[in-house]
Amino acid sequence: MKYMKSFDVIVIGGGQSGLAVGYYLRRTPLRYTILDQEQAPGGAWQHYWHSLRLFSPAQWSSLPGILMPGGPDYYPTRDETLSYLRHYENKYQLEVQRPVTVQAVEQKEEAFLLHTSTGVYHAKAVVSATGSFRRPYLPEVPGREAFQGTILHSSQYLSPAPFQGQRVAIVGEGNSGAQILAEVSQVADTLWITSKPPRFLPDEVDGRYLFDVASRLYEARQRGEAFMPPSLGDIVMVPPVKAARERGVLQSLPPFQSLTSDSLVWPDGHQEKVEAVIFCTGFQPALDHLSPLPVSRQDGRIATTETSAREVAGLWLVGYGSWTGFASATLIGVGRSAKKTVEEIQAYLSAR
Ligand SMILES: Cc1cc2nc3c(=O)[nH]c(=O)nc-3n(C[C@H](O)[C@H](O)[C@H](O)COP(=O)(O)OP(=O)(O)OC[C@H]3O[C@@H](n4cnc5c(N)ncnc54)[C@H](O)[C@@H]3O)c2cc1C
């Protein structure tokens with residue numbers, strides 16, 4: 001059977017993870033392409049809120065090969081991160097095709113068929129690097145349909161302007177929750193709802209910490225030692241969050257039980273009127289395109305050994321979070337997973 005579009009390796013997703021894999025693939029003789037459903041480079045960074053800055057300084061925020069400009073004390077903006085990713089793609093002339101949506105991946109005679117919005121592709125190996133932005137998690141809350149105000153997920157939040165003068169509940173104890181709270185509380189009266197007491201990292205700790213921990217974990221593994229990394233879900237005290245603390249807005253309330261047309265209701269019957277609720281409740285990996293494959297899933301994840309899918313030879317998953325490599329959902333961390341993945345792909349294809 002002859003296919004028009006046949007490659008050794010197809011990478012699904014052209015965000016930072018897909019580009020890092022592309023960086024190492026282009027140094028091999030393998031024929032590869034990257035299929036990305038966006039109209040433009042930058043992956044999820046195109047959709048983040050306007051004021052977002054990286055939580056680690058530029059010097060600790062680079063993909064392999066090109067240093068993010070700005071040095072050790074500058075925290076790049078969302079737009080600067082987008083320019084960096086655009087430049088990265090151009091400089092290395094990475095083979096990215098867009099917009100192409102991969103709808104389904106199926107196995108075919110020790111290879112894969114990828115059904116996409118622009119036709120069928122054939123690949124001997126597949127790397128899924130689709131991130132999680134496309135799968136925001138919104139909890140089921142009784143009364144959600146009855147609520148007359150605005151409900152949105154952090155993935156839809158762009159700026160505080162629409163909430164000027166309102167009473168707004170921000171739900172979630174992660175970094176997105178703390179940062180959106182910090183911003184919205186400058187123009188609105190806010191309530192912060194967290195499922196457990198928020199945990200703040202010490203002021204002097206920032207995203208560099210991720211890199212240090214990733215390196216320590218990697219070295220411990222090389223030596224065959226156990227190393228339990230500290231929690232990465234804790235809140236980084238970026239300047240807007242520190243300023244919010246000064247203003248006294250980082251006080252949190254326990255979870256509410258339900259919504260009425262205009263209020264949050266707690267189990268003891270206490271109610272608070274709000275005009276908007278912003279759920280900063282995270283994401284799940286975007287893996288629907290892998291549904292036809294015989295992979296088992298738990299908590300939305302696919303079983304892997306580092307990035308290699310345990311149940312399907314020839315499939316790798318890069319960038320989704322610590323389950324695919326420590327700190328692999330960061331610019332600085334994904335390079336290590338990408339390098340190892342490409343080494344494994346080369347070994348796999350040459351052994352066939
Ligand atoms: C609020 C916030 C702040 C953050 N701050 C930082 C930070 O300071 N430093 C840092 O390093 N990281 C940070 N991160 C994490 C980082 O932004 C993400 O982990 C990163 O974008 C993941 O990159 P990715 O390439 O894996 O996924 P994405 O950037 O989501 O890219 C995946 C790409 O795959 C495409 N895609 C998805 N499904 C398909 C499909 N079926 N077919 C074709 N294409 C598909 C998508 O359109 C997208 O272009 C932050 C994240 C958030 C939410």
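Hydrogens, waters and symmetry mates play no part in the numbers below; they use all other heavy atoms, side chains included. Indexing begins at 1, ligand by ligand and atom by atom, following the structure's order.
For ligand 1, the polar-atom distance check finds no N/O of T101 at less than 3.5 Å from any of the ligand's N/O atoms. Looking at ligand 1, you won't find any N or O of S132 less than 3.5 Å from one of its N or O atoms. Of the polar atoms of A329, at least one N or O is found under 3.5 Å from an N or O of ligand 1, judged by distance alone. In terms of N/O distances under 3.5 Å, ligand 1 is not approached by R53. On a distance-only criterion, L331 and ligand 1 share at least one N/O pair closer than 3.5 Å. At a 3.5 angstrom cut-off on N or O pairs, T330 does not count as close to ligand 1. Considering backbone and side-chain atoms alike, I12 places every N or O at 3.5 Å or more from each N or O of ligand 1. Close N/O approach between F55 and ligand 1 is found [any backbone or side-chain N/O within under 3.5 Å].
Close approach of ligand 1 to L52 (heavy-atom distance below 4.0 Å) involves ligand atoms 3 (C). Less than 4.0 angstrom separates some heavy atom of S17 from each of these atoms of ligand 1: 23 (O), 24 (P), 25 (O), 26 (O). Each of the atoms 32 (C), 34 (O) of ligand 1 lies under 4.0 Å from some heavy atom of A129. Close approach of ligand 1 to G43 is summarised as follows: ligand atoms under 4.0 Å from at least one heavy atom of the residue are 29 (O), 31 (O), 48 (C), 49 (O). Applying the 4.0 Å criterion to heavy atoms of Y48 picks out, from ligand 1, the atoms 16 (C), 17 (O), 18 (C), 21 (O), 51 (C), 52 (C), 53 (C). Within the listing of ligand 1, atoms 40 (C), 41 (N), 42 (N), 43 (C) sit less than 4.0 angstrom from a heavy atom of V102. Remark: ligand 1 atoms within the under-4.0 Å shell around heavy atoms of L54 are 7 (C), 8 (O), 9 (N). Listed by atom number, the atoms of ligand 1 under 4.0 Å from D36 heavy atoms are 33 (C), 34 (O), 35 (C), 44 (N), 46 (C), 47 (O), 48 (C), 49 (O).
When atom types are taken as modelled, the side chain of T130 and the backbone of A286 share a donor-acceptor pair closer than 3.5 angstrom.
Ligand 1 is never approached by V334 to a heavy-atom distance shorter than 4.0 Å. Remark: distances from the non-hydrogen atoms of W49 to ligand 1 include one below 4.0 Å. Using 4.0 Å as the threshold, S176 has a heavy atom nearer than that to some atom of ligand 1.
You'll find the side chain of V318 stays beyond 4.5 Å of the side chain of S328, heavy atoms only. Using a 4.5 Å cut-off on side-chain heavy atoms (C-beta onward), L253 and H270 make no contact. Counting heavy atoms from C-beta on, the side chains of S61 and Y84 never come closer than 4.5 Å. Under the 4.5 Å side-chain criterion, counting only non-hydrogen atoms from C-beta, V241 is in contact with L250. In this structure the side chain of S155 reaches within 4.5 angstrom of the side chain of F133, judged on heavy atoms. In this structure, V9 and L349 have side chains that are in contact, with non-hydrogen atoms separated by less than 4.5 Å. Between S296 and E311, the closest side-chain pair of non-hydrogen atoms falls below 4.5 Å.
Proximity annotation for atom 29 (O) of ligand 1: of S62, A44, G174, A44 comes nearest, heavy atoms only. When the heavy atoms of V318, T130, V105 are ranked by distance to atom 38 (N) of ligand 1, first place goes to T130.
The only option from Y348, F112, Y24 that meets the ring pair (Phe, Tyr, Trp, His ring centres under 6.0 Å) definition with W316 turns out to be Y348.
Heavy atoms of L35 found under 4.0 angstrom from ligand 1 belong exclusively to the backbone. When heavy-atom distances to ligand 1 are checked against a 4.0 Å cut-off, V100 comes that close only through its backbone atoms N, CA, C and O.
Side-chain contact of S252 with E173: a donor-acceptor pair under 3.5 Å is absent, judged by distance alone. Defined by atom type and a distance below 3.5 Å, a donor-acceptor pair is present between the side-chain atoms of Q97 and T33.
Under the 4.0 Å criterion applied to side-chain N and carboxylate O atoms, E95 and R31 are not assigned as salt-bridge partners.
Here OH of Y137 is found 7.0 Å from OG1 of T281. Values are rounded to the nearest 0.5 Å.
Annotation: cation-pi pair R135/F283 absent, no NZ/CZ under 6.0 Å from the ring centroid and within 45° of its normal.
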